There are 4 protein chains.
Amino acid sequence: MIKPEVVADHNQKQAPTLEADYAALGEKLARRGVDIEQLTRAADTFAVALPSWGVGTGGTRFARFPGPGEPRNIFEKLDDCSVIHQLSQATPTVSLHIPWDRPDDPKALLEYAQARNLAFDAMNSNTFQDQADQAYSYKYGSLTHTSEAVRQQAIEHNVEVVELGKKLGSKALTVWIGDGSNFPGQQHFRNSFAHYLDSARAIYDALPDDWNMLLEHKMFEPAFYSTVIQDWGSSYLAARETGERCLSLVDLGHHAPNVNIEMIVSRLAQFGKLGGFHFNDSKYGDDDLDSGSIDPYQLFLVFNELVDIQQADSAFAPFYMLDQSHNVTDPIESLMYSAAEVQRAFVKALLVDREALLGYQNSSDPLMAQATLKQAFNLDVEPVLQMARQRAGGAIDPIAAYRASEYRQSVARDRPQSGQSGSGIV
Amino acid sequence: MIKPEVVADHNQKQAPTLEADYAALGEKLARRGVDIEQLTRAADTFAVALPSWGVGTGGTRFARFPGPGEPRNIFEKLDDCSVIHQLSQATPTVSLHIPWDRPDDPKALLEYAQARNLAFDAMNSNTFQDQADQAYSYKYGSLTHTSEAVRQQAIEHNVEVVELGKKLGSKALTVWIGDGSNFPGQQHFRNSFAHYLDSARAIYDALPDDWNMLLEHKMFEPAFYSTVIQDWGSSYLAARETGERCLSLVDLGHHAPNVNIEMIVSRLAQFGKLGGFHFNDSKYGDDDLDSGSIDPYQLFLVFNELVDIQQADSAFAPFYMLDQSHNVTDPIESLMYSAAEVQRAFVKALLVDREALLGYQNSSDPLMAQATLKQAFNLDVEPVLQMARQRAGGAIDPIAAYRASEYRQSVARDRPQSGQSGSGIV
Amino acid sequence: MIKPEVVADHNQKQAPTLEADYAALGEKLARRGVDIEQLTRAADTFAVALPSWGVGTGGTRFARFPGPGEPRNIFEKLDDCSVIHQLSQATPTVSLHIPWDRPDDPKALLEYAQARNLAFDAMNSNTFQDQADQAYSYKYGSLTHTSEAVRQQAIEHNVEVVELGKKLGSKALTVWIGDGSNFPGQQHFRNSFAHYLDSARAIYDALPDDWNMLLEHKMFEPAFYSTVIQDWGSSYLAARETGERCLSLVDLGHHAPNVNIEMIVSRLAQFGKLGGFHFNDSKYGDDDLDSGSIDPYQLFLVFNELVDIQQADSAFAPFYMLDQSHNVTDPIESLMYSAAEVQRAFVKALLVDREALLGYQNSSDPLMAQATLKQAFNLDVEPVLQMARQRAGGAIDPIAAYRASEYRQSVARDRPQSGQSGSGIV
Amino acid sequence: MIKPEVVADHNQKQAPTLEADYAALGEKLARRGVDIEQLTRAADTFAVALPSWGVGTGGTRFARFPGPGEPRNIFEKLDDCSVIHQLSQATPTVSLHIPWDRPDDPKALLEYAQARNLAFDAMNSNTFQDQADQAYSYKYGSLTHTSEAVRQQAIEHNVEVVELGKKLGSKALTVWIGDGSNFPGQQHFRNSFAHYLDSARAIYDALPDDWNMLLEHKMFEPAFYSTVIQDWGSSYLAARETGERCLSLVDLGHHAPNVNIEMIVSRLAQFGKLGGFHFNDSKYGDDDLDSGSIDPYQLFLVFNELVDIQQADSAFAPFYMLDQSHNVTDPIESLMYSAAEVQRAFVKALLVDREALLGYQNSSDPLMAQATLKQAFNLDVEPVLQMARQRAGGAIDPIAAYRASEYRQSVARDRPQSGQSGSGIV
């Protein structure tokens with residue numbers, strides 16, 4: 001972790017500007033009847049999980065361009081995650097990916113995390129790659145393969161991930177599979193979906209009572225003609241057929257072009273099946289870009305739904321995770337910046353005057369309804385985010401503090417790389 | 001209707017070529033173990049309903065360019081439909097649209113249709129336009145409007161359409177609404193969907209026991225930010241919540257870009273909710289182009305699913321309708337040509353060697369699985385379609401026979417138009 | 001126009017809040033080295049033309065739902081436009097559409113406009129609809145029709161529009177045609193484009209030396225398989241072949257899904273062919289939604305390019321027009337709100353620290369490069385817009401002032417409507 | 001290569017059916033005035049280049065699932081290519097990719113190819129990956145990097161590829177770069193394009209007089225916000241600025257959703273800049289699926305343009321290459337099947353009655369114009385393809401002959417794999 005004095009020094013320099021900005025914003029909000037302190041406390045409650053795989057440099061099928069000091073194992077990944085949380089104060093948990101992060105000693109891993117103020121969020125299984133030691137290949141499917149033996153192997157892997165997660169304090173299993181087809185005719189659609197349901201139920205049966213199973217859909221990639229869990233409709237059906245604690249997970253980059261994602265959020269929540277999010281942004285496909293970097297208003301509209309749902313149902317508490325591929329940035333910087341972007345969308349959504357909005361909706365006044373959203377979105381809540389971070393012990397400007405700390409240079413020295421350039425998987 | 005001797009004369013000229021082509025195809029199919037006579041009989045069973053609105057020239061929001069001899073009322077529309085069926089022998093029913101086709105005397109309309117060998121398919125209600133005499137406007141919604149009075153008016157219109165359909169021998173109500181929003185914030189998503197469910201149930205309660213209610217979803221247009229029944233997921237949920245005989249209807253042009261429509265067909269059927277189709281084709285949006293004109297392989301893949309489902313469930317019998325906008329062609333010609341294109345896809349799907357296909361699927365042989373589909377698709381089944389039509393009393397080449405009949409020139413004389421050209425809104 | 005005392009009264013009430021907000025923002029900007037007064041003066045220079053057709057309620061091919069007090073002729077349209085400019089102080093010009101706005105007496109129209117502080121921007125021709133008195137139909141094309149007589153008729157219409165525009169003080173002709181096809185094979189691509197080039201050159205020959213000819217491309221609609229000027233590539237080629245003062249016009253809603261529009265802006269400008277904009281927003285197709293209502297960050301990114309280009313080439317001065325379809329709002333309100341949204345994007349783009357940005361670009365620091373854009377975008381510049389309006393004599397909050405004025409109620413009394421509701425085509 | 005007796009044995013068994021099918025088709029075509037022999041000779045002239053990288057199993061960023069007997073070097077790749085050409089008789093050339101295929105001894109490679117009846121098509125450079133020995137990384141660009149040194153390195157690599165190609169008898173260089181950005185602001189659009197033009201000219205200067213330089217555009221991937229050569233417009237501009245023999249190459253999978261690719265083909269040809277193709281198919285993005293597997297009608301429409309252009313300009317001779325990623329099939333099978341699919345589209349396009357088509361276009365008869373295309377497309381030309389192959393010494397059914405040969409089993413024994421599963425690049 002970064003030396004506290006580096007953070008303190010950074011904050012000390014930034015504090016006067018922050019205080020002036022914060023006071024000015026507080027007065028402005030007060031003129032509109034909003035208490036900035038309440039908002040800052042709400043901002044402080046926001047948390048989003050880090051993906052363990054996100055602290056390494058990502059890549060495409062064409063190439064991967066590694067950066068210096070990449071973590072070589074799950075312990076070094078946790079080191080990086082702890083820096084992110086230390087500075088951003090919005091990412092107290094880590095989502096693991098098995099087998100990439102499989103520990104020899106789960107207890108040691110748990111203690112290592114706890115020592116860094118980190119806990120474990122949803123566990124992720126992996127049946128979209130073959131592992132060296134496995135009996136059957138997933139080339140033609142895993143949970144939906146036409147062969148029962150392959151399906152059984154994939155089920156058992158998921159059960160193993162649940163068992164591991166229990167030891168680590170996780171409370172959820174996220175299931176994403178690449179199963180699908182590249183050719184019309186390759187796969188029998190109804191048979192494949194029936195296999196999926198059978199497999200999902202078998203995994204669900206192994207779930208502890210206080211766990212959720214999260215089904216992640218995706219339109220395409222790695223399958224390029226059809227995907228078994230291709231959209232929210234199939235995800236919903238699978239979750240409903242599987243069990244009460246089986247829910248749908250929405251990844252912002254997994255939809256068809258032009259689709260209204262905030263409406264999907266609403267539908268799944270209305271029918272009790274919205275379980276979690278993978279936050280990122282995209283312009284073309286599953287680009288896994290940094291959250292809010294392409295369409296920050298869409299991210300705000302998603303949180304506008306989430307806040308509205310939460311106010312109607314206080315028990316509503318979906319899992320929030322970042323899921324991004326950092327191909328051209330320092331992953332630590334991207335994750336800190338992205339956590340703040342998601343938090344920013346949440347805080348702005350809190351600022352929506354919901355009573356006024358409902359009034360405009362009910363009186364068919366679309367211009368003022370949209371203006372009500374824009375009034376919240378246009379506010380510059382940066383001082384609220386900064387103040388919440390500072391008070392929690394983080395950095396006013398996490399990127400600047402991180403660069404000042406020279407953490408990257410330090411781990412670049414401590415983590416010699418294998419030297420292989422190119423050729424990565426995310 | 002067209003004089004039988006015109007058709008007979010046409011067929012007589014075409015018959016020698018057809019017989020040679022048919023014999024050659026018969027031998028070719030026989031070499032592959034397929035009986036062409038059985039295929040021709042199956043082709044003859046195919047039927048797709050005509051949309052009453054389809055025999056007039058369509059348009060866009062920019063302009064409409066009328067053609068000569070457009071039908072001026074439902075009786076003239078039925079005249080045109082009877083010509084289409086006479087020549088194509090694949091379109092024995094007509095789908096009405098109320099209020100556009102509301103008859104003063106339903107009994108007279110029924111007799112008029114019967115005299116032309118026509119029956120009535122699904123009835124279509126209309127709450128996406130305002131009528132001169134209605135109390136409330138649908139500008140801000142109909143079945144999902146925030147005002148109960150507006151919703152009630154829309155419900156009552158649907159019930160009226162059912163009552164009318166009962167008198168006409170129809171067995172289904174198709175409900176498509178334009179309800180949605182043009183701005184983020186305009187509509188409360190969960191409230192709107194809840195209103196939809198309430199309204200749909202109220203309509204369903206008025207449905208005779210042997211009727212189906214068909215819910216048609218659409219991604220966008222006329223609403224451009226959100227649509228209440230925007231995709232098959234929402235359609236499925238609404239159908240399930242409404243009742244057992246409430247099913248989803250799939251229009252081929254109502255999906256997001258790149259979406260795998262044949263998979264949606266499969267999913268809805270697997271969960272017992274596939275009720276019908278609006279056939280057309282599209283390249284960009286709801287273009288309402290002629291069926292099979294842009295992507296004939298996709299149409300074949302849809303029928304590949306339908307035939308597969310039918311072979312697994314003999315009770316499966318969705319409603320088939322054409323729904324196209326004929327902006328630049330003679331609508332009669334487009335509808336005859338399109339009916340044959342849909343029939344062609346059906347016949348080719350019958351030719352798929354399903355046992356071989358399942359074998360390739362189960363042995364993970366995607367190349368041969370896709371080749372099995374292509375082998376059926378690549379066959380030129382035109383002689384089968386022609387022979388089926390000829391034997392049923394239709395025309396070997398409906399377009400050529402129609403042009404020879406000079407029907408269009410005849411109705412152009414009999415149906416003087418109002419003279420208004422254009423009529424667009426921007 | 002609205003009584004000055006209504007505006008004054010409105011501003012008086014809002015002024016204290018504005019002054020406090022403006023002072024606070026001024027201090028915040030000063031802490032970052034930015035002079036708010038300079039920014040406010042720059043905001044005041046911003047102008048965007050109003051579309052004459054935009055003050056009426058728009059519609060879709062399904063329906064149009066008129067509102068009260070719609071303007072019935074070009075004079076009433078100018079009345080509405082003058083209110084928009086009075087309150088927003090950002091829309092000093094109007095773009096006419098011929099024949100919709102063809103005046104009997106151009107001189108009288110010009111004087112009417114001048115009396116309302118309005119001038120005329122680009123003229124728009126119309127060969128996508130048939131007029132009652134024209135010899136040939138545009139059903140199968142206008143400037144690209146296979147018949148020379150039709151092409152000549154369309155050329156002459158454009159020349160007539162130029163002649164009219166000269167009398168009105170316009171300096172540009174915008175040419176958008178719907179020419180294209182609905183079926184593969186309908187149109188010969190190379191012949192159609194060759195016809196377009198010939199026709200465009202003939203129009204260009206009639207252009208005064210100080211005019212620009214603006215070519216507007218569009219992916220689809222009203223043609224649904226192919227469009228002659230379908231994208232910026234075809235637009236560029238046509239503009240280059242036509243002449244030096246023939247330029248491309250970019251409408252934000254006329255692109256394929258996912259396309260990077262700001263990059264198109266950059267390319268056209270780099271090759272000297274960016275001539276103008278039709279501002280609006282869209283989620284699906286050419287939705288013609290209010291500017292900035294769906295993706296305000298994209299609008300900002302477009303202006304980020306424009307400001308960058310302007311700083312490199314002070315002669316760069318494209319035509320800016322709003323082009324929206326107001327289906328569910330009061331058009332006057334939408335146009336005022338939209339003008340402010342475009343202005344907001346411009347002002348935020350001025351706030352981008354271009355020196356820092358270029359530095360990050362040159363040192364391959366994408367995280368800080370994007371953060372530099374976000375720092376500008378996240379600022380709440382509403383006080384700058386409000387102050388610029390107030391100082392220019394407009395309203396601090398144009399919507400509120402407009403509603404207070406009861407202008408709509410007043411014109412609803414003065415402009416009895418024809419009574420026809422609806423008016424759609426399917 | 002496969003033993004001639006295996007092919008002969010296969011053909012002998014298939015010949016009677018082929019002869020019957022061929023005779024029947026010949027009579028059918030004769031009834032329509034078409035000489036099947038002429039068509040078969042034309043089919044025989046068709047050739048498309050094989051991508052050297054295509055004979056290995058492809059993958060996605062998530063995983064690669066290798067198959068047995070994958071070629072381990074360029075010589076084994078040529079062995080596989082020779083089998084493909086032996087059986088399909090449509091793929092006499094191979095397109096190399098440097099550095100993947102860089103030979104120690106170019107002369108030996110050339111002789112090796114010639115001994116297998118193979119020649120070399122366009123050379124492909126690679127600056128989208130880093131190589132172990134290179135001085136500068138392409139992480140932030142190659143030909144468009146902000147650093148001159150990096151650009152120079154990328155230019156020199158291309159020049160080296162040209163030098164190598166000269167020794168191998170190639171006549172073209174294909175340049176595809178991944179340069180672009182993942183964040184708004186990361187790249188200065190105009191500067192990047194200016195760098196591209198400078199770099200392209202520098203490469204062009206090294207080109208022999210009888211070579212072409214082919215610029216390949218792509219909408220996205222590996223860059224996910226912007227790509228420097230993102231569409232045909234940018235490709236055209238770059239080709240025009242670079243030089244007369246610099247042309248655009250169209251990859252069928254590199255476009256925005258819904259884009260009309262055949263129109264792009266037409267535009268580039270009309271302005272003298274259509275240089276070549278990468279054939280494949282796609283449903284979502286750059287899926288690199290087998291040609292014709294998703295939308296065979298689109299492939300036909302592309303060839304409909306190509307045949308039309310060729311008939312107008314006999315000198316028109318673009319480079320044809322397959323560029324596919326074979327993730328789930330035996331690459332040899334996919335390439336043989338795909339070559340035949342492209343050839344099928346070409347043969348069907350030859351069958352279009354162009355005189356009739358032009359007549360329908362000129363008389364505004366879209367229904368018959370599209371029917372004219374469909375009449376050609378619907379014909380089953382499989383016997384023509386089979387006969388052309390058989391006569392040229394190939395296999396009537398290449399897949400069946402290949403499986404009978406047990407070539408794959410043989411090379412699986414001869415080419416032990418490294419054992420690594422997963423983790424590929426295409």
Side-chain angles (χ1 to χ4, degrees), chain B residues 51 53-54 56-67 97 100 126 128-132 134 137-140 178 181-184 186 219-226 256-258 282-290 293-294 323 325-329 419-426, chain C residues 51 53-54 56-67 97 100 126 128-132 134 137-140 178 181-184 186 219-226 256-258 282-290 293-294 323 325-329 419-426:
Chain B
W53 59 96
T57 298
T60 69
R61 64 176 167 135
F62 296 103
R64 191 178 83 89
F65 298 96
H97 198 293
W100 299 340
N126 177 340
F128 53 84
Q129 290 180 322
D130 285 349
Q131 305 305 325
Q134 77 189 45
S137 170
Y138 296 133
K139 183 167 188 167
Y140 297 105
S181 70
N182 276 6
F183 290 92
Q186 179 181 343
M219 193 198 200
F220 73 101
E221 194 207 18
F224 291 118
Y225 164 66
S226 70
N258 302 347
S282 70
K283 187 160 179 66
Y284 305 100
D286 184 28
D287 308 331
D288 280 333
L289 299 180
D290 286 18
S293 65
I294 301 297
D323 182 11
S325 183
H326 309 108
N327 300 357
V328 295
T329 55
Q420 63 176 85
S421 77
S423 123
I425 303 165
V426 180
Chain C
W53 59 96
T57 298
T60 69
R61 63 177 168 135
F62 297 103
R64 191 178 82 90
F65 297 97
H97 198 294
W100 299 340
N126 178 338
F128 53 84
Q129 289 180 322
D130 285 350
Q131 306 305 324
Q134 76 189 46
S137 170
Y138 296 134
K139 183 168 189 167
Y140 297 105
S181 71
N182 276 6
F183 290 92
Q186 179 181 341
M219 191 196 201
F220 73 101
E221 192 203 31
F224 290 119
Y225 163 66
S226 71
N258 301 348
S282 71
K283 188 162 178 63
Y284 305 101
D286 184 29
D287 308 331
D288 280 334
L289 298 179
D290 287 17
S293 65
I294 300 297
D323 182 11
S325 182
H326 309 108
N327 300 357
V328 295
T329 54
Q420 62 177 84
S421 78
S423 121
I425 303 165
V426 181

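Being a predicted model, the structure only gives us computed values, none of them experimental. Order of the sequence lines sets the chain letters (A, B, ...), proteins ahead of strands, with each chain counted from 1.
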So for B:N126, is it side chain, backbone, both, or neither that comes closer than 4.5 Å to the heavy atoms of chain C? neither

Measure across C:P257 and B:P257 and return the closest heavy-atom pair with its distance rounded to 0.1 Å. CG-CG, 4.2 Å

Rounding to 0.5 Å, atoms CZ (C:F224) and CG (B:D290) come to a distance of 13.0 Å

Point-to-point distance, once rounded to the nearest 0.5 Å, from OG1 of B:T60 to CZ of C:F128: 9.0 Å

What part of B:Y138 lies closer than 4.5 angstrom to a heavy atom of chain C: side chain, backbone, both or neither? both

Would you say B:Y225 and C:I294 make side-chain contact, with heavy atoms under 4.5 Å? yes

In short, C:F220 meets B:G285 closest at the heavy-atom pair CE1-N, 4.4 Å

Start with the C-alpha gap between B:Y284 and C:M219, add the side-chain angles, then the distance that decides, and say whether side chain to side chain contact (heavy atoms under 4.5 Å, CB included) holds. CA-CA 9 Å; B:Y284 305 100; C:M219 191 196 201; 3.7 Å; yes

Tell me, side chain or backbone of B:N258 under 4.5 Å from chain C's heavy atoms, or both, or neither? neither

Pick one of side chain, backbone, both or neither for C:S137, based on which atoms fall under 4.5 Å of a heavy atom in chain B. side chain

Measure B:Q186 against the heavy atoms of chain C and call it side chain, backbone, both or neither at under 4.5 Å. side chain

Using non-hydrogen atoms and a 4.5 Å limit, figure out which bit of B:P222 sits close to chain C: side chain, backbone, both or neither. both

For C:F65 and B:K139, which heavy atoms make the closest approach, and how far apart are they? O-NZ, 2.9 Å

For the CG atom of B:N182 and the CG atom of C:D287, what is their distance to the nearest 0.5 Å? 8.0 Å

So which heavy atom on C:A63 is nearest to which on B:Q129, and how close? CB-CG, 3.7 Å

Do B:Y140 and C:V328 come close enough that some side-chain heavy atom pair is under 4.5 Å? yes

